[in-house]
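For clarity, every value in this text was computed on a predicted model and none was experimentally measured.
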Amino acid sequence: QTERSDPNRPLPRHVFERMLDLPYVDNLYFRADWNQVQSRAGSLSLPPAWEWMMEAVEARGKRWSFRIMNASRHSSGPTSIPNFLAERLELDSYANQFAFGPAQRGYPRYTGEYLKWWSELVHLLAERYDDHPLLDFVDISGYGIWGEGHHYGQHQPGTDPFWNRHADNAEEVVAHLIDDHLSAFAETPVAMTLHYLDYAAGVSALQNPAVWLRRDS
């Protein structure tokens with residue numbers, strides 16, 4: 001119920017730290033929208049919650065991992081792309097099925113312009129964190145809802161949902177994203193969801209021992 005009505009409530013820092021101190025928590029997995037971590041070209045602008053995470057894992061010696069999302073159904077805004085790219089990137093829209101946010105949301109089309117900016121983000125993150133001693137893995141992202149490869153929803157309210165919609169250039173895009181993450185994070189394993197195995201590039205990537213599959217898929 002909370003997922004559909006109010007998933008964006010701020011998490012108090014003391015609650016976050018109590019959770020992290022539970023004895024069975026051995027990896028902090030962090031997800032954020034693209035517009036939460038970058039507000040201008042050429043640099044990162046990480047939110048306070050990200051800084052909490054880093055302080056907490058480093059103080060406790062906890063392992064961590066993350067994914068940046070190019071689109072999220074749970075975002076409170078219409079898209080997850082940074083404002084400075086709003087006029088540069090084309091969008092595909094889908095109907096919002098939740099009780100918060102705008103009636104229509106959008107995820108970026110996989111144009112050369114989009115891939116250029118996504119590549120910049122991946123390399124900025126790698127410059128900052130690829131050599132971090134506690135970083136377990138980084139998710140391959142940038143394709144589909146949540147960056148997981150999902151393409152489903154409704155284009156307009158009341159219409160039939162699409163469940164297995166793929167971008168026309170999906171193979172090229174998935175191959176590009178995998179190569180980008182592997183080249184940027186040379187010291188860190190990368191993980192991908194099973195949805196990337198819909199594409200030959202995802203299947204081929206498994207020959208590389210640095211590519212992991214996410215078991216929650």
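- Closest heavy-atom contact between Met69 and Trp118: C-CH2, 4.2 Å.
- For Tyr129, the side-chain hydrogen bond (donor to acceptor under 3.5 Å, both in side chains) criterion is met by Trp50, not counting sequence neighbours.
- Distance check, rounded to the nearest 0.5 Å: CG of Leu124 to CG of Leu46 gives 10.0 Å.
- Between Leu89 atom CG and Trp34 atom CH2 the span is 5.5 Å, to the nearest 0.5 Å.
- With rounding to the nearest 0.5 angstrom, the CG atom of Leu134 is 11.0 Å from the NZ atom of Lys62.
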Can you check side chain to side chain contact (heavy atoms under 4.5 Å, CB included) on Asn208 and Leu182, steps first, answer last?
CA-CA 10 Å; Asn208 187 332; Leu182 285 170; 3.8 Å; yes

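- Between Ser141 and Ile68 there is no side-chain heavy-atom pair separated by less than 4.5 Å.
- The shortest heavy-atom contact between Leu206 and Leu213 is CD2-CG, 3.9 Å.
- Note that CH2 of Trp117 is 7.5 Å distant from CD of Gln38, once rounded to the nearest 0.5 Å.
- Residues Ile145 and Tyr94 meet the side-chain proximity criterion, which asks for heavy atoms closer than 4.5 Å.
- Closest non-hydrogen pair, Gly147 versus Asn70, comes out as CA-OD1, 3.1 Å.
- The shortest heavy-atom contact between Ala71 and Tyr107 is CB-CB, 3.4 Å.
- Considering all non-hydrogen atoms of both residues, Asp130 and Ala186 come closest at OD2-N, 3.2 Å.
- Using a 4.5 Å heavy-atom threshold, the side chains of Met53 and Phe16 count as touching.
- Within the 4.5 Å cutoff, the side chain of Leu28 has heavy atoms near those of the Met19 side chain.
- Interatomic distance, NE2 of His176 versus NE2 of His181, reported as 10.0 Å (0.5 Å rounding).
- Residues Leu177 and Leu115 meet the side-chain proximity criterion, which asks for heavy atoms closer than 4.5 Å.
- The closest side-chain donor-acceptor pair between His132 and Trp64 falls under 3.5 angstrom.
- Residues Tyr114 and Leu85 are not in side-chain contact: their nearest non-hydrogen atoms beyond the backbone lie 4.5 Å or more apart.
- Side-chain contact between Leu121 and Leu44 is present, with at least one heavy-atom pair separated by less than 4.5 Å.
- In this structure, Asn83 places its CG atom where only 12 or fewer heavy-atom neighbours from other residues, nucleotides or ligands lie under 6.0 Å away.
- Under the side-chain hydrogen bond (donor to acceptor under 3.5 Å, both in side chains) criterion, Asn27 pairs with Ser65, Asp136, sequence neighbours left out.
- In this view, Glu55 and Arg13 satisfy the side-chain hydrogen bond (donor to acceptor under 3.5 Å, both in side chains) rule, not counting sequence neighbours.
- Smallest separation of non-hydrogen atoms from Leu91 and Gly106: CD2-C, 4.4 Å.
- Applying the side-chain hydrogen bond (donor to acceptor under 3.5 Å, both in side chains) test to Asp33 and every residue at least two apart in sequence or in another chain returns Ser75, Ser80.
- Applying the salt bridge (Lys or Arg N to Asp or Glu O under 4.0 Å) rule to pairs touching residues 102-119 yields Glu90-Arg109, Asp92-Arg109, Glu113-Lys116, sequence neighbours excluded.
- Judged purely by atom type and a 3.5 angstrom limit, Ser93 has no side-chain atom pairing as donor or acceptor with the backbone of Gln104.
- Distance CD/Glu171 to OH/Tyr199: 8.0 Å, rounded to 0.5 Å.
- Between Tyr143 and His195 the shortest side-chain heavy-atom distance does not fall below 4.5 Å.
- Residues passing the side chain to side chain contact (heavy atoms under 4.5 Å, CB included) test with Asn169 are Tyr110, Ala167, Glu172, Val173, sequence neighbours excluded.
- Exactly one residue among Arg214, Arg67, Arg73 makes a salt bridge (Lys or Arg N to Asp or Glu O under 4.0 Å) with Glu148. That residue is Arg67.
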